[in-house]
*Asks:* 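Please find one structure pasted underneath; my questions will follow.
Within every chain, numbering begins at 1; the chains are lettered A, B, ... in the order of the sequence lines, protein sequences first and strands thereafter. Worth saying up front: this structure is predicted, and the values here are computed from it rather than measured.
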There are 2 protein chains.
Amino acid sequence: MSGIRAQQKEKTRRLIINAALNQLSAERSFSNLSLREVAKESGLAPTSFYRHFSDMDELGLTLVDEAGLTLRQLMRQARQRIEKGGSVIQISVLTFMEFIENNGNIFRLLLRERSGTSPAFRAAVNREISYFTLELCDYLQQANRLDAEIAYLQANAAVTIVFSAGSDALDADSKERELLSERTIHQLRFIARGAMELANRIENTKSEQT
Amino acid sequence: MSGIRAQQKEKTRRLIINAALNQLSAERSFSNLSLREVAKESGLAPTSFYRHFSDMDELGLTLVDEAGLTLRQLMRQARQRIEKGGSVIQISVLTFMEFIENNGNIFRLLLRERSGTSPAFRAAVNREISYFTLELCDYLQQANRLDAEIAYLQANAAVTIVFSAGSDALDADSKERELLSERTIHQLRFIARGAMELANRIENTKSEQT
DNA sequence: AATTTCAGTGTACAAGTGTAAGCTATTTTA
DNA sequence: TAAAATAGCTTACACTTGTACACTGAAATT
């Protein structure tokens, strides 16, 4: 049971996935990619596509998973850098901007499908982003000893701001990206500062009550 | 020169625009709308479309302008409500959520085309959003006597947060929307508070120097 | 009143789409 | 070793798409 067949199958499956990823660009979204084009780019006959995915939708969801994986790698990378010291916010933004530069098309996929026409796609992307948010939430809760709800609100706002900046970065040149990064860092500081302030106020209210 | 002809032409132009708007939905984006479908919905022969728009792109850009108009109406409405007293943040979020409920498809258009495949569309949407942001920026600068850069950062962050909440609201039921609104209000308070704090700090640094 | 302009029509075509059906060669199973 | 399973192929079909072309009748211009 060496599985020489299953092995080959997995190989061409990857071929299809990579073909699709390669066709994605600023001018080309997944939804205006046709089954035939993907098959051709993979060096396959159109109908062979069905041996691996029942649908373009199924391929698309696979790509979103793939993108989520890349996103989690990004987080790991950021965490490693942070452990070596430095401003958490600055390093996070820097790392994210690097990610955009290297994985623009994957990020575009997430951005586009998040507001796309398929409920399944939207749900899949939101799931990936919520993993991202919850990890940050845990970190904030632990590092800053924040109330759970406040930590969530901060994490959610921060992710929103960073993703939006990432979206803007896609159409920006390196000069503009620099400015964008600076501004994003400032905005994240607003949020962090505001969250701390309001968390303390609640704390004080509580102790006054006792 | 009564223009009975020009009048009729304008009429069917509106017919086309409305037909397109009517076909937009959660499951149907502008980009997967065909010229023929729009023509059919307008009660026109496919080729008659060209008498009014050279392209589906041209129609699309018109729709984005239309959406921008609606957005500015929204701002006016919010301003009126605010003048009658109440929390600025709360009223703004409330008004925006109402907008989403009544103009979901127009908002979807903006969301989708902002990350779409056409540079012209992306630019058009960003232009509309930047009007929105700059108006808020002016308001903040005047009402809170903030530094111009800080006011811009706050306005930009606020708009990002609100749009993102709007995007989530599109897939939410009324119960979830309530929660979403509350959270958004909190997040906007974080940002406002943080912006004030950091603005003051800069102010203090300046007076220490003198 | 004669001429020009033009919004809207119908027909036609080439190109692209998803996918059904059946075949082949090779691996896997019995 | 014989039989079954299956990844990939070719052919075929019914649709949809954008748009070129020629035409018509009514409005606008002269």
*Asks:* Taking the side chain of B:Arg5 as heavy atoms from C-beta outward, which of C:dT9, D:dA28, D:dG18 is closest to it?
*Replies:* D:dA28
*Asks:* Which of residues 51-62 of chain A sit near DNA chain D, with a heavy atom under 4.0 Å from it?
*Replies:* A:Arg51, A:His52
*Asks:* Rounding to an integer number of Å, can you tell me how far B:Phe49 CZ sits from C:dT9 P?
*Replies:* 14 Å
*Asks:* With no hydrogens and no angle check, just 3.5 Å: does a side-chain donor-acceptor pair link A:Ser34 and A:Glu37?
*Replies:* yes
*Asks:* Taking the side chain of A:Tyr50 as heavy atoms from C-beta outward, which of C:dG18, D:dC9, D:dA27 is closest to it?
*Replies:* C:dG18
*Asks:* In whole angstrom, give the distance that lies between atom CD1 of A:Ile4 and atom P of D:dA7.
*Replies:* 14 Å
*Asks:* Hey, can you pull the residues of residues 9-36 of chain A with a non-hydrogen atom under 4.0 angstrom from DNA chain D?
*Replies:* A:Lys9, A:Thr12, A:Arg36
*Asks:* Sequence neighbours excluded, which residues qualify as side chain to side chain donor-acceptor pair (under 3.5 Å) partners of B:Arg189?
*Replies:* none
*Asks:* Would you kindly check whether a donor in the side chain of B:Thr47 faces an acceptor in the base of C:dG10, or vice versa, at under 3.5 angstrom?
*Replies:* yes
*Asks:* Thinking salt bridges, do B:Arg79 and B:Glu135 make one under a 4.0 Å N-O criterion?
*Replies:* yes
*Asks:* Is any side-chain N or O of B:Ser48 closer than 4.0 Å to OP1 or OP2 of C:dT9?
*Replies:* yes
*Asks:* Under a 4.0 Å threshold between the charged nitrogen and the carboxylate oxygen, would A:Arg81 count as salt-bridged to A:Glu98?
*Replies:* yes
*Asks:* Under a 3.5 Å threshold, yes or no: a donor from one side chain and an acceptor from the other, between A:Asn126 and A:Arg122?
*Replies:* no
*Asks:* How about A:His52: does its NE2 atom have over 12 heavy atoms from other parts shown lying under 6.0 Å from it?
*Replies:* yes
*Asks:* If you only use heavy atoms from C-beta on, which nucleotide in D:dG8, C:dT28, C:dT9 is closest to the side chain of B:Leu44?
*Replies:* C:dT9
*Asks:* What is the distance from CD of A:Gln7 to P of D:dG8, rounded to the nearest Å?
*Replies:* 13 Å
*Asks:* Going by the angle between their ring planes, with limits at 30° and 60°, are A:Phe107 and A:Phe96 parallel, tilted or perpendicular?
*Replies:* perpendicular
*Asks:* Could you check whether A:Asn22 and A:Glu41, counting side-chain N and O atoms only, form a donor-acceptor pair closer than 3.5 Å?
*Replies:* no
*Asks:* How about A:Glu178: does its CD atom have over 12 heavy atoms from other parts shown lying under 6.0 Å from it?
*Replies:* no
